[in-house]
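First comes the structure, then the notes that go with it.
In what follows, chains are A, B, ... by sequence order, proteins preceding strands, each numbered from 1. The figures here come from the full heavy-atom set of this structure, side chains too, leaving out hydrogens, waters and symmetry mates. Being a predicted model, the structure only gives us computed values, none of them experimental.
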Amino acid sequence: MKRNKFYVTTPIYYVNDAPHIGHAYTTILADVLARFHRALGDDTFFLTGLDEHGQKVQQAAEKRGLAPKQHCDDLAPRFSDLWKTLGISNDDFIRTTEARHVSVVQAILQKVHANGDIYQKEYEGLYSVAEERFITEKEAESGQFREVKTLKEKNYFFKMSKHQDRLIKYIEDNPGFIRPEHRKNEMLGFLRQPLGDLCISRPKARLSWGIEIPFDRDYVTYVWFDALINYISAIGYMADEDKFKRFWPAVHLIGKDILTTHSIYWTTMLFSLDLPLPEAIFAHGWWLMGESKMSKSLGNVVRPLDLIEQHGVDAVRYYLMSEMNLGSDANFTPENFIKRYNSDLANDFGNLLNRVSGLIAKNHGGIIPEAGTPSSADEEVVVTGRALGPKVEALIRDYKVDEALNEIMNLIRQVNKYMEAQAPWKLAKTDLPAAGRVLYTATEALRLSAVLLKAVMPTKVATVLEILGVADSGLSWGELKSGVLLPAFPPLFPRIEVEKKV
RNA sequence: CGCGGGGUAGAGCAGCCCGGUAGCUCGUCAGGCUCAUAACCUGAAGGUCCUUGGUUCAAAUCCAAGCCCCGCAACCA
């Protein structure tokens with residue numbers, strides 16, 4: 001039987017940026033998908049990394065009196081350390097300054113040049129000396145740019161326009177390629193206009209911190225042309241063809257801000273290289289802080305580390321995954337976080353585990369009771385439980401993590417109702433085995449939910465499954481072992497008490 | 001101007017494609033239970049389903065017009 005493969009990427013983040021909740025979100029999402037697919041037995045590869053070239057890095061390094069590379073080396077751990085803290089299970093971490101990447105970018109430039117898809121031309125446009133970049137007419141009119149003058153410059157261009165029709169057809173023929181759907185429409189709308197060519201060079205006189213263009217030493221390549229290639233350089237394009245063939249094409253998770261770069265620049269580059277296009281490009285929304293966008297000037301940037309310190313990694317992962325649905329924007333507020341945490345994790349999931357294990361301790365000597373012959377009430381739980389795995393799998397394969405989590409919580413809610421109806425604490429007085437049967441059913445449902453929550457909350461779930469004595473159990477009903485001693489344990493997700501404002 | 005998405009209880013959303021008692025989570029209120037992390041369960045209140053008109057026995061759902069919100073509008077080289 002052929003194994004499915006799953007190659008998922010995050011964007012490579014700009015090394016100069018301070019990591020914020022948005023970076024954390026994309027990376028956690030990728031991690032959750034990767035963990036799910038690994039659990040499903042798919043041949044999985046999960047890549048993230050850093051974009052380290054460009055003007056901002058050069059300038060920031062100069063300011064600090066450091067070589068750009070040194071500057072990057074200093075800053076890179078801000079991301080890689082955060083990923084460790086967040087429990088990110090990436091298989092590789094690529095930095096665009098690494099030799100393995102630089103050589104592939106240069107080889108690709110040569111190849112595309114040889115294909116005739118790169119040409120040189122002189123460009124004349126409005127240039128802001130203060131900003132050190134060309135600006136559009138609109139921007140010039142806005143008056144926000146100083147020292148604007150007309151500048152002529154020779155540069156290299158990539159023939160994006162050549163691939164336009166092919167790209168349109170591809171997007172139309174592959175409905176799941178750009179997700180969610182409305183983003184696909186946006187891109188098709190964008191492509192209705194004639195596509196220009198992409199300038200892919202910078203004269204070294206203006207910008208030296210980049211990858212040198214092999215056929216013209218006076219230039220470095222444009223950061224995006226450099227950066228996008230990470231998705232294939234990291235898995236061995238032109239270096240380890242077996243690995244490359246094993247994993248390419250990828251699923252790219254990106255923020256909606258860089259949809260054009262991915263669905264237009266990157267795809268036409270791949271066309272030129274005669275490589276398959278990505279399996280999917282998924283653009284998620286922004287995290288809004290209350291009503292406004294997160295921004296440094298507003299001082300409302302959420303630092304993931306603060307949250308984790310207060311409430312733990314798993315809770316933060318769960319919150320981000322459950323609160324953001326598909327491609328829309330989501331609202332981040334501490335109040336929301338606490339509500340979600342208390343109702344789902346503390347009151348429903350954590351508390352259910354507590355009541356079940358408490359009853360087992362009290363009435364069954366702490367030993368997991370026999371499953372017995374299910375009553376019709378038990379059977380309802382079993383049916384939901386059995387159906388849950390496939391349901392969740394389908395949702396995850398469709399990138400609907402929030403819906404998958406909701407399905408899992410629905411089982412938990414159902415079990416709470418079932419407990420109430422069966423009242424094993426009463427049953428124990430008249431029919432101990434029947435009470436045991438109910439508790440077995442409830443605990444087994446809990447175990448099953450835990451297994452499905454593993455990708456989102458790896459640490460807590462590991463604890464739960466250890467407590468239940470079935471660390472490596474899977475998704476079939478009945479893997480919970482009777483006769484095993486349930487140890488005592490502190491509440492899994494202690495409620496967050498909020499002082500009410502008077 | 002253009003293209004795309006949306007407007008459903010206090011909040012966040014589902015339902016709309018394939019018309020027929022308007023549903024879920026959170027919040028509020030009342031009750032129950034007492035195994036549990038003041039948790040859990042039940043019930044209630046709360047909706048002109050943006051507006052207007054049309055089709056139909058029947059429209060949140062289909063059609064038309066309008067209002068409002070949001071996204072895209074590259075060539076930021």
**Prompt:** Taking the side chain from A:Gln164 and the backbone from A:Leu191, do they hold a donor-acceptor pair closer than 3.5 Å?
**Reply:** yes
**Asked** Considering only B:U42, B:U37, B:C72, which nucleotide approaches the side chain of A:Pro491 most closely?
**Response** B:U37
**Message:** Applying the Watson-Crick and G-U wobble criteria at under 3.5 Å, what pairs with B:G23? Answer none if nothing qualifies.
**Reply:** B:C13
**Request:** Could you state the atom-to-atom distance from NZ of A:Lys460 to C1' of B:U37 in whole Å?
**Result:** 12 Å
**Prompt:** Between the side chain of A:Tyr14 and the main-chain N/O of A:His53, is any donor-acceptor distance below 3.5 Å?
**Reply:** yes
**Request:** For B:A14 and B:U8, measure between their C1' atoms and round to the nearest Å.
**Result:** 10 Å
**Message:** Could you tell me how far apart A:Asn185 (CG) and B:C70 (P) are, to the nearest whole angstrom?
**Reply:** 20 Å
**Prompt:** Quick one: is B:U37 close enough that its OP1 or OP2 comes under 4.0 Å of any side-chain N or O from A:Asn347?
**Reply:** no
**Prompt:** Of all the choices, B:U34, B:C40, B:A74, which nucleotide is nearest to the side chain of A:Arg355 once you look at every atom?
**Reply:** B:C40
**Message:** Taking pairing as Watson-Crick or G-U wobble with both contacts under 3.5 Å, can you name the mate of B:A64, or confirm there isn't one?
**Reply:** B:U52
**Fill in**
Between CG of A:Asp402 and C1' of B:C24 the distance, given in whole Å, is 13 Å
**Item:** Atom-pair distance (CG on A:Leu439; P on B:A36), nearest Å
**Value:** 13 Å
**Asked** Where the side chain of A:Asn416 is concerned, which of B:G71, B:C41, B:A74 is the nearest nucleotide?
**Response** B:C41
**Prompt:** B:G46 and B:G6: how far apart are their P atoms, nearest whole angstrom?
**Reply:** 30 Å
**Complete:** Whichever of A:Met419 and A:Asp344 has the more 5' nearest nucleotide on RNA chain B, that residue is A:Asp344
**Request:** For B:C49 versus B:G10, give the span between their P atoms, rounded off to a whole number of Å.
**Result:** 13 Å
**Prompt:** Quick one: A:Trp286 CH2 to B:C72 C1', roughly how many Å, whole number?
**Reply:** 14 Å
**Request:** Classify the nucleic acid contact of A:Ser201 as base, sugar-phosphate or nothing, counting any heavy atom under 4.0 Å across all strands shown.
**Result:** sugar-phosphate
**Prompt:** Closest to the A:Phe190 side chain: B:A74, B:C3, B:U34?
**Reply:** B:A74
**Asked** With a 4.0 Å cut-off on heavy atoms, is A:Leu492 in touch with a base, just the backbone sugar-phosphate, or nothing at all?
**Response** base
**Message:** Under a 3.5 Å cut-off for both contacts, is B:C3 paired Watson-Crick or G-U wobble with anything, and if yes, with which nucleotide?
**Reply:** B:G71
**Request:** Check each of A:Leu198, A:Ile118, A:Leu109, A:Thr221 against A:Tyr156 using the side chain to side chain contact (heavy atoms under 4.5 Å, CB included) test, and report the only one that passes.
**Result:** A:Ile118
**Complete:** Rounded to the nearest 0.5 angstrom, the CG-CZ distance for A:Asp197 and A:Phe158 is 8.5 Å
**Asked** Under 3.5 Å, is there a donor-acceptor pair linking the side chains of A:Tyr222 and A:Asn155?
**Response** no
**Request:** Using a 4.0 Å heavy-atom cut-off across all strands, classify A:Pro194 as base, sugar-phosphate, or nothing.
**Result:** base
**Complete:** Which of B:U37, B:U42, B:A74 is nearest the side chain of A:Asn354? It is B:U37
**Asked** For B:A44, which nucleotide in any strand shown is its Watson-Crick or wobble partner with both distances under 3.5 Å?
**Response** B:U28
**Request:** Taking atom P in both B:A65 and B:G71, compute the distance separating them and give it to the nearest angstrom.
**Result:** 25 Å
**Separation of A:Thr384 OG1 from A:Lys391 NZ (nearest 0.5 Å)** = 7.5 Å
**Lys/Arg N to Asp/Glu carboxylate O, A:Lys169 vs A:Glu172, below 4.0 Å** = no
**Asked** Quick one: A:Ile408 CD1 to B:U25 P, roughly how many Å, whole number?
**Response** 16 Å
**Asked** Can you tell me how far P in B:C17 sits from the matching atom in B:C62, rounded to whole Å?
**Response** 5 Å
**Item:** Distance, rounded to the nearest Å, where A:Arg413 contributes CZ and B:U42 contributes P
**Value:** 12 Å
**Prompt:** Which part of the nucleic acid, if any, lies within reach of A:Leu195 when heavy atoms closer than 4.0 Å are counted: base, sugar-phosphate only, or nothing?
**Reply:** base
**Complete:** Closest of B:U37, B:C72, B:U34 to the A:Ala346 side chain is B:U37
**Asked** Using atom C1' of each nucleotide, how far apart are B:A11 and B:G54 to the nearest Å?
**Response** 35 Å
**Message:** Roughly how many Å apart are B:G20 and B:A36, using the P atom of each and rounding to a whole number?
**Reply:** 46 Å
**Asked** Separation of A:Leu446 atom CG from B:A36 atom P, in whole Å?
**Response** 16 Å
**Message:** So, OP1 or OP2 of B:A39: does either fall under 4.0 Å of a side-chain N or O from A:Arg495?
**Reply:** yes
**Asked** What does A:Asp348 touch in the nucleic acid at a heavy-atom separation under 4.0 angstrom: a base, only the sugar-phosphate, or nothing?
**Response** sugar-phosphate
**Request:** Identify the residue among A:Phe282, A:Phe177, A:Tyr231 that makes a ring pair (Phe, Tyr, Trp, His ring centres under 6.0 Å) with A:His252.
**Result:** A:Tyr231
**Request:** Classify the nucleic acid contact of A:Arg340 as base, sugar-phosphate or nothing, counting any heavy atom under 4.0 Å across all strands shown.
**Result:** nothing
**Asked** Checking all strands, does A:Leu198 fall into the base, sugar-phosphate, or nothing category for heavy-atom contacts under 4.0 angstrom?
**Response** nothing
**Prompt:** Which residue, A:Gly358 or A:Lys339, contacts RNA chain B at a nucleotide closer to its 5' end, judged by nearest heavy atom?
**Reply:** A:Lys339
**Request:** With heavy atoms under 4.0 Å as the rule, sort A:Asn351 into base, sugar-phosphate or nothing.
**Result:** base
**Item:** Pairwise C1' distance, B:C70 and B:C26 [rounded to whole Å]
**Value:** 24 Å
